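What you are looking at is a predicted structure, and each value in this text was computed from that prediction instead of being measured. These numbers come from the heavy atoms of this one structure, side chains and all, not from hydrogens, waters or symmetry mates. Sequence lines set the chain letters: A, B, ... in the order given, protein chains first and strands last, and positions in each chain run from 1.
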Amino acid sequence: MELKSKVPSGPLEQKWDSHRFNMKLVNPANKRKYHVIVVGAGLAGASASATMSELGYRVSCFVYHDSPRRAHSIAAQGGINAAKNYQNDGDSIKRLFYDTIKGGDFRAREANVHRLAQCSVNIIDQCVAQGVPFAREYGGLLTNRSFGGAQVSRTFYARGQTGQQLLLGAYQALEKQIAKGAVAMHTMTEMIDVIVIDGVARGIVARDLTTGRISTHLADAVVLATGGYGNVYFLSTNAKQCNVTAAWRAYKRGAAFGNPCFTQIHPTCIPQAGEFQSKLTLMSESLRNDGRCWAPVKQGDTRSARDIPESERDYFLERKYPSFGNLAPRDIASRAAKEVCDEGRGVGDTGLGVYLDFADSIKRLGEKTVAERYGNLFEMYERITDENPYRQPMRIYPAVHYTMGGLWVDYNLMSTVPGLHVLGEANFSDHGANRLGASALMQGLADGYFVIPVTIGDYLAQAKLAPVTPEHPEVRAAEAAANDRMKRLVGIKGKRAADSFHRDLGKIMWEKCGMARNTASLTTAIQDIGALKEEFWRNVNVPGSDADLNQALEKANRIADFMELGELMCRDALEREESCGGHFRTEYQTPDGEALRNDDDFAHVAAWQYTGEGATPTRLVEPLTFENVQLSQRSYK
Amino acid sequence: MNFTLKVWRQANAKSAGRLETYAAKEIPSDASFLEMIDIVNDHLEADGKEPIAFAHDCREGICGSCSMMIDGVAHGPVKGAATCQVHMRSFKDGQVITIEPWRSVAFPVLKDLVTDRSAFDRIIQAGGYISAPTGGARDANEILVAKSDSDSAMDAAACIGCGACVAACPNGSASLFTGAKIAHLARLPQGQPERYKRVELMVAQMDDEHFGHCTLYGECQAACPKQISIDVIGLMNRDYIVAMATKTPDMAGASGHG
Ligand SMILES: Cc1cc2nc3c(=O)[nH]c(=O)nc-3n(C[C@H](O)[C@H](O)[C@H](O)COP(=O)(O)OP(=O)(O)OC[C@H]3O[C@@H](n4cnc5c(N)ncnc54)[C@H](O)[C@@H]3O)c2cc1C
Ligand code: FES
């Protein structure tokens, strides 16, 4: 199969405009004849559902949460980028485009990224109109902060709760449409499968999480906005329920999975405290605006931070990357922290930590200003660690945070299964091998407010869909398969809790397919996961019934998919014989330890096509062409 | 650390519930309250017993999922924290801890500690938004908002919709939740055109959902993990009076409560 990116021709700056002009439209009166299913109501899904229903499409929206307001997007802290150039510091759409392509280590599609930068300015306007309380200057204008990988201030924020406020804006727009009857909302309903008829996505199979009832839902198009899969590592900054099931079932129904090995390890998270730990907590990247990263110069230095004199501190980011300093991109900052700890210079009980120090900023700005900027983050830190970051530096360590990989989509955000569209973190599209801070919120909202509402019309206007009924054999078969799977899981009655398998999977992935990977580690990981999978289906214990609210069953069902995904991630990492962005193969590095890309052989997207249970999936390739930027070794020195 | 837990177990909305006793053994003091329950649940599951069902997701105090009465206090002993932000170091070794779901007629128990809080969504549906369909918004900096207004709007907007205010209120009132959304939007220039219609519709919906009436006990503010001030209830009440006084026949028709 060939991957058709459907990038419009013409100059980069005009592609989106001319594409919008050339697309087929559905006339207003006909829109209500079309039914679109949206799975997910995070930033991407809520904005898409609200906007498509405003246009007149009939929308049904499904989430496993008890309210759309609880999607994982709510947890985003730091901010959202937009090329507004309100600071007059030389920003522009072109610069945001360039920073994002470079930040992604030249592994993203130029046309998508440029469109993202174009939409960014409209996002801020839209959100302010909805009443999102972004931070402001005394004069009443919007203010900005800086994020990693950029030398301009273009990040808009609402204290440390930007994701919450953006999501509430989209959620409120969605609730308004629900009240009007324009969106049918299904909360606590988990998608279990995609229904594909004659090669086209026509609906989903879902499980009511309160009653356990499996049901089928048919539509003219399906949109997945189901978030990322960072929880394959068990410990990550993602919310506990984030999972890959929707995307994985789509993969198994024919949607190619793009760059699964591209995961982001965030440099500033609170270090793990013990085996009991259930998740890791992010300390927003915005902290690096005013915090300085350092580690002791000496190995095994056990003095408390304040007793270590200036001369015996290594401000390693400032030393290695003088022009970006503490605002080096995430992949680079994470590796630098790991390097310091690998050298035996880490801090804290485990030695897996470095300092993020605010003493200088407090001296320069005063405690009040620092508290105003980061108060809630400092509080969160103190609550978890019982240490006061105003008095002693924070201890931080990298943690899994985001997945750049996801279902492959074309320029219209459609997967390789016609009619199945994918938005937000669930798709692979805009961040290449590394995402810059404050760009995920931007992408989710660009996809949902501004891209899919237009491109879906082009699809529907041309789709020529035959009617389907719930009695269709494919619908029946998908429903039966979902029921069988649930019954099988509760029927195993082994000896281990589902979570214990998840922890084991997480360890394999972190150690062998984490911040550093190589042929040997990846090959053993694939074997280890195979063995774990085998034990899971023999020895997991899922108590209770499938016809009930059963959280153990929900977990087991998701973990089974995570194990299969983990295997694919390792396979993808193994085949990509280069280092780029968050994908660091120890065999491929420059003499000073930076990622060494191989543009001759790997300037492409790898998208994996499922070929059946137990069979090796096919690796499809979408070559990336760069016409507007010069491929270069990324330098933040 | 070791604890004895008395946990509310209830099979579903229709059945009666009861407190069951569990031993929580060898719990690290750095574990969070939910991690303590994870440990208990892992043992239950491995033994083939049904784990304690509870709502949770972000585990960092922002999604509003977690919702437990811990020894009769919504979200437990730590001020300004959601259940997921409480750590076992806040308890004494050997302590007996009673864990129950939110108690409110408006939040029926679905199972164990999980309740149905969809009434909150319906209050938002009634009017908790600014009508601004996608597209056509003017440049964001054309709307000036005084920093103090923006800050106080944000104070109210910080609500996570957990329902602790309702659970803590002797009357089971949802006034803090509803007032917070009303205040968030009323404190911004963008929120003015719909200001009075919004308060009228949201208050009517709140009454329809069987929440109790607010008599300003102030328990809600004390239980709120985001420490939202009851000032928002004052604002809501004032706006409601204005809305009633200036109500036009057209608005009465729109609300369905005329
Ligand atoms: C702690 C943290 C902080 C962050 N901070 C920032 C930041 O400051 N700036 C930034 O740009 N990005 C940030 N990010 C990243 C960003 O928050 C996410 O990438 C983004 O919010 C994802 O949005 P989404 O809409 O794609 O998915 P989500 O918000 O994850 O939503 C997924 C939705 O899908 C539903 N769903 C999933 N699977 C199913 C299924 N099978 N059936 C039914 N429903 C399903 C869920 O119920 C949910 O509604 C942060 C991430 C984390 C972890
Ligand atoms: S789990 Fe999200 S607020 Fe507690």
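Judged by distance alone, the side chain of H184(B) and the main-chain N or O of G131(A) form a donor-acceptor pair under 3.5 Å. Side-chain atoms of S150(B) come within 3.5 Å of backbone atoms of F134(A) as a donor-acceptor pair (strictly under, hydrogens ignored). With hydrogens and angles disregarded, a donor-acceptor distance shorter than 3.5 Å links the side chain of R159(A) to the backbone of D151(B).
Heavy-atom distances place both the backbone and the side chain of Y449(A) under 4.5 Å from chain B. Contacts of I39(B) with chain A are made by side-chain atoms alone, with heavy-atom separations under 4.5 Å and no backbone atom involved. Of the two parts of D66(A), the backbone and the side chain both hold a non-hydrogen atom closer than 4.5 Å to a non-hydrogen atom of chain B. With a 4.5 angstrom heavy-atom cutoff, M188(A) touches chain B only via side-chain atoms. Of the atoms belonging to L174(A), not a single heavy atom falls under 4.5 Å from chain B. Looking at H87(B), only its side chain comes within 4.5 Å of chain A, counting heavy atoms on both sides. Heavy atoms of E35(B) lying under 4.5 Å from chain A belong exclusively to its side chain. Contacts of S118(B) with chain A are absent, with no heavy-atom separation under 4.5 Å from either backbone or side chain. Of the two parts of E554(A), neither the backbone nor the side chain holds a non-hydrogen atom closer than 4.5 Å to a non-hydrogen atom of chain B. Only the side chain of T210(A) comes within less than 4.5 Å of a heavy atom in chain B; its backbone stays farther off. Residue N376(A): no heavy atom, backbone or side chain, is found under 4.5 Å from chain B. Heavy atoms of R59(B) lying under 4.5 Å from chain A belong to its backbone as well as its side chain. In this structure, the portions of Q126(A) lying under 4.5 Å from any heavy atom of chain B include both its backbone and its side chain. Looking at K84(A), only its side chain comes within 4.5 Å of chain B, counting heavy atoms on both sides.
For Q551(A) against A53(B), the heavy-atom pair with the smallest separation is OE1-CA, 3.2 Å. Nearest heavy-atom pair across F120(B) and Y171(A) is O-OH, 4.4 Å. In terms of heavy-atom proximity, D57(B) sits nearest to C242(A) at OD1-N, 4.4 Å. Nearest heavy-atom pair, A137(B) versus D125(A), reported as atom, atom and distance to 0.1 Å: CB-O, 3.5 Å. For the pair P543(A) and K49(B), the tightest heavy-atom approach, listed with the atom from each and the gap, is CG-O, 3.2 Å. Smallest separation of non-hydrogen atoms from E60(B) and L280(A): OE1-O, 4.3 Å.
Taking A81(B), P51(B), G61(B), S148(B) one by one and counting their heavy-atom pairs under 4.5 Å with chain A, the maximum is reached by A81(B). Interface remark: of the candidates D42(B), D30(B), D139(B), L110(B), D139(B) forms the most heavy-atom pairs closer than 4.5 Å to chain A. In terms of non-hydrogen atom pairs under 4.5 Å with chain A, the most contact-rich of R89(B), K181(B), R187(B), R122(B) is R89(B). Taking A11(B), A153(B), G48(B) one by one and counting their heavy-atom pairs under 4.5 Å with chain A, the maximum is reached by G48(B). In terms of heavy-atom pairs under 4.5 angstrom with chain A, the leader among A146(B), P28(B), G191(B) is P28(B).
D548(A) has its side chain within reach of K111(B): a pair of non-hydrogen atoms, C-beta onward, lies under 4.5 Å apart. P68(A) is listed as a side-chain neighbour of D121(B), based on a closest heavy-atom distance under 4.5 Å.
Ion pairing between a basic and an acidic side chain is recognised when a charged N comes within 4.0 Å of a carboxylate O; D149(B) and R136(A) show no such pairing.
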I'd like a table of donor-acceptor pairs (distance under 3.5 Å, sequence neighbours excluded) in which one partner is a side-chain atom from residues 124-132 of chain B, with atom names and distances.
from    : atom 1 : to      : atom 2 : distance (Å)
Q125(B) : NE2    : E175(A) : OE1    : 2.6
S131(B) : OG     : E194(B) : OE2    : 2.5

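Annotation: K493(A), atom NZ; neighbour count of heavy atoms from other residues, nucleotides and ligands within 6.0 Å is above 12. Other residues, nucleotides and ligands contribute only 12 or fewer heavy atoms inside 6.0 Å of the CG atom of D349(A). Heavy-atom neighbours of E275(A) CD from other residues, nucleotides or ligands within 6.0 Å: at or below the threshold of 12.
From L144(B), atom CG reaches atom CD of E137(A) across 12.0 Å, with rounding to the nearest 0.5 Å. Taking CD1 of I124(A) as the reference point, atom CG of N141(B) lies at 10.5 Å (rounded to 0.5 Å). Note that the OG atom of S73(A) and the CD1 atom of I62(B) stand 12.0 Å from one another [nearest 0.5 Å]. A distance of 10.0 Å separates SG of C63(B) from CZ of R69(A), quoted to the nearest 0.5 Å. Between the CD atom in Q190(B) and the SG atom in C127(A) there is a gap of 11.5 Å [rounded to 0.5 Å]. Atom NZ of K240(A) is separated from atom CG of L34(B) by 10.0 Å, given to the nearest 0.5 angstrom.
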